[in-house]
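Here's the structure we're looking at; comments come further down.
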Amino acid sequence: TVAWTVRLRDAFRQRKVNQAIELWKSMRANGVKPNAVTYSVVVSGLIDCDQDWLAEMVQEELQRSEIVPHTRFFNSVITAYLKKRNFKKAIETWDYLKQSGAQEDSYTYGTLVNLFCKAGQLDKAMEVREQMHAAGFPSDVYIYSALIDAFAKHGLLHESFKLWEHLRRSGVKANVAVYNALLNAYARQSDPREALDLLDKMRMDGVEPNSITYNILIHYFAKRGDVAKAMSLWRDMRDANIPDDAFVYNTLISTFAKRGNMTAAQDLANEMLSKGIHASAVTYNALIDARIKRGDLQGAMRIWHQMKEARIEPDVVAYGTVIDAQLKKGRLQIACRLFEEMKASGVKPDAVIYSSFIDSYLKHGNYTDAVRMLDEMAHAGLPTSVVIFNSFIDWLGKKGDLTGAEAMLIKMVAEGVPPN
RNA sequence: CCAGUGACUCUGACUGUG
């Protein structure tokens, strides 16, 4: 059973779904019984590979079997759904855990707190933390890092710092992830002094910075135009014997690209490849966007095709980048074709994709299609975003319908979308 | 004893200054 489970794990890791399914079948054909670990590998593997329907089938089969799934099984499944941002199924799995009479452990709570953080329900995240305490598990470092990070990302820096104080008083030892989350918080309030001080503070606390730490700082200084400081931090990182990774390269490529220095951006891209660090969709997207921002749509599409030739599947951001560029060039047909291609290849459109179409339609006075897109979006379960409301308000205002614009503002507030 | 679970970093959309 263990040997089969390992093979299944490897198949899923390589995203070889069909191979995994074959293994699953021949395992039974050979009379080998899957155990709880096997089910855990298979169910979470199927979710990873976007086979939700099969995952549910296997999970139902497990329910009918005499194997009792334990906490660790549910934790894996909740995590798999969370990685796919499928909050609904993740929460359903939590319910299923409770129905099965299993008990949440500290992993479960950590995952659930993170789940509600990612879903933007910070109050619920704090509530789960209370439940965790009530169940006899004190907050651990995962809980703190998830919450500090989430509050900072929602602009509630005060709450992040309050949690940091709690952590210090609780005697939990902060690790590098907690410091990194804090560092992000300082970067958000644009405090270079504090950010660099924190780097020293963490070292004094016996916590060594990692590549994420440096990347946060590099990105932060690059964004505020201090490329020299960003590059010197990159040298510090190498001096600290932290190996370069794709994140650091992507950050720098995007920095140079945004500043119009395409040569430097391209050189870095070549350098990363020569070091055996693989370019990802993010790398290509940064290079594509840079060309678009310079008005070079042809060059952008060349990179787009290179990306496909490199067997890197364009993701929702890649589609968003080129669709928006085509729309802004007035090439509605091409944009729609890309939109269809995206859906056909299994990439789900997100709010950014819809906002590009809606904004473009409105700017061309095509209210009907704008609303059609809005409906499609709602049908896909996506809430109307601030950006979309802004597009409508702008359109109404520019055509002189101030009453309508004001009504739209009231509508967005009523729908719980805070104006920015 | 051998296989499965949680946190932190990179890329795309709207408006205002020009």
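Lettering of chains follows the sequences in order, A, B, ..., and the numbering in each one begins at 1. Here the structure is a predicted model, which means the values were calculated and not measured.
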Can you check the A:Leu97 CG to B:U5 P distance for me, whole Å? 17 Å
Among the candidates B:U11, B:A3, B:C8, find the nucleotide nearest to the side-chain atoms of A:Ile216. B:C8
So, is A:Lys83 near the phosphate of B:G6, with a side-chain N or O under 4.0 Å from OP1 or OP2? yes
Can you tell me the distance, in whole Å, between the CG atom of A:Asn75 and the P atom of B:A7? 12 Å
May A:Phe247 be described as stacking on the base of B:C10, applying a 5.5 Å centroid limit and a 30° limit on plane angle? no
With hydrogens left out and only the distance checked, is there a donor-acceptor pair under 3.5 Å joining A:Asp350's side chain and the base of B:G12? yes
Distances for protein N/O vs nucleotides 13-17 of chain B N/O pairs under 3.5 angstrom?
from	atom 1	to	atom 2	distance (Å)
B:A13	OP1	A:Lys293	NZ	3.2
B:A13	O3'	A:Lys328	NZ	3.1
B:A13	N3	A:Ser355	OG	2.5
B:C14	OP1	A:Lys328	NZ	2.9
B:C14	O3'	A:Lys363	NZ	3.3
B:C14	O2	A:Asn390	ND2	2.5
B:U15	OP1	A:Lys363	NZ	3.1

Tell me whether A:Tyr142 and B:A7 count as stacked here, given that the ring centres must be under 5.5 Å apart and the planes must differ by less than 30 degrees. no
In whole angstrom, give the distance that lies between atom CD1 of A:Ile288 and atom C1' of B:C10. 15 Å
Side chain of A:Asp149: nearest nucleotide among B:C8, B:A7, B:G4? B:C8
Any side-chain heavy atom of A:His166 sitting closer than 4.5 Å to one from A:Val172? no
Taking the six-membered ring for Trp, is the centroid-to-centroid distance between A:Phe221 and A:Trp234 below 6.0 Å? no
Nucleotide nearest A:Ile212 when distance is taken to its side chain, options B:C10, B:U5, B:C8: B:C8
Decide if the gap between the ring center of A:Trp24 and the ring center of A:Tyr39 is smaller than 6.0 angstrom. yes
Which of these passes ring pair (Phe, Tyr, Trp, His ring centres under 6.0 Å) with A:Tyr96: A:Phe73, A:Tyr81, A:Phe74? A:Phe74
Ring centroid separation for A:Trp94 and A:Tyr109, is it under 6.0 angstrom? no
So does A:His219 get a side-chain nitrogen or oxygen closer than 4.0 Å to the phosphate oxygens (OP1/OP2) of B:U11? yes
Please state how far atom CG in A:Asp140 lies from atom C1' in B:U5, giving the value in whole angstrom units. 13 Å
Sequence-distant partners of A:Glu92, salt bridge (Lys or Arg N to Asp or Glu O under 4.0 Å), two or more places apart: A:Lys88, A:Lys89
Dot-bracket pairing map - RNA chain B, Watson-Crick plus G-U, both contacts under 3.5 Å, | cross-strand: ..................
By salt bridge (Lys or Arg N to Asp or Glu O under 4.0 Å), which residues pair with A:Asp197, not counting sequence neighbours? A:Arg193
Identify all side-chain donor-acceptor contacts of residues 395-406 of chain A below 3.5 Å with residues at least two apart in sequence or on another chain.
from	atom 1	to	atom 2	distance (Å)
A:Lys398	NZ	A:Asp394	OD1	2.9
A:Lys398	NZ	A:Asp394	OD2	3.1
A:Asp401	OD1	A:Gly404	N	2.8

I want to know whether A:Tyr361 and A:Tyr367 have ring centres closer than 6.0 Å. no
Taking CZ from A:Phe256 and C1' from B:C10, how many angstroms apart are they, rounded to a whole number? 15 Å
If the cut-off is 4.0 Å, is A:Asn184 near the phosphate of B:C8, judged by side-chain N/O to OP1 or OP2? no
State whether the distance check finds a donor on one side and an acceptor on the other, under 3.5 Å, for side chain A:Arg72 versus base B:G4. yes
Starting from P on B:C10, measure out to CG on A:Leu217 and report it in whole angstrom. 12 Å
If you compare every side-chain N and O of A:Lys153 against the phosphate oxygens of B:U9 (OP1, OP2), does one of them come in below 4.0 Å? yes
Which pairs count as side chain to side chain donor-acceptor pair (under 3.5 Å) when at least one residue sits in residues 5-16 of chain A, sequence neighbours excluded? A:Thr5-A:Thr38
So which nucleotide from B:A7, B:G6, B:C10 ends up closest to the side chain of A:Tyr107? B:G6
For A:Leu252 and B:C10, what is the distance between atoms CG and P respectively, to the nearest whole Å? 13 Å
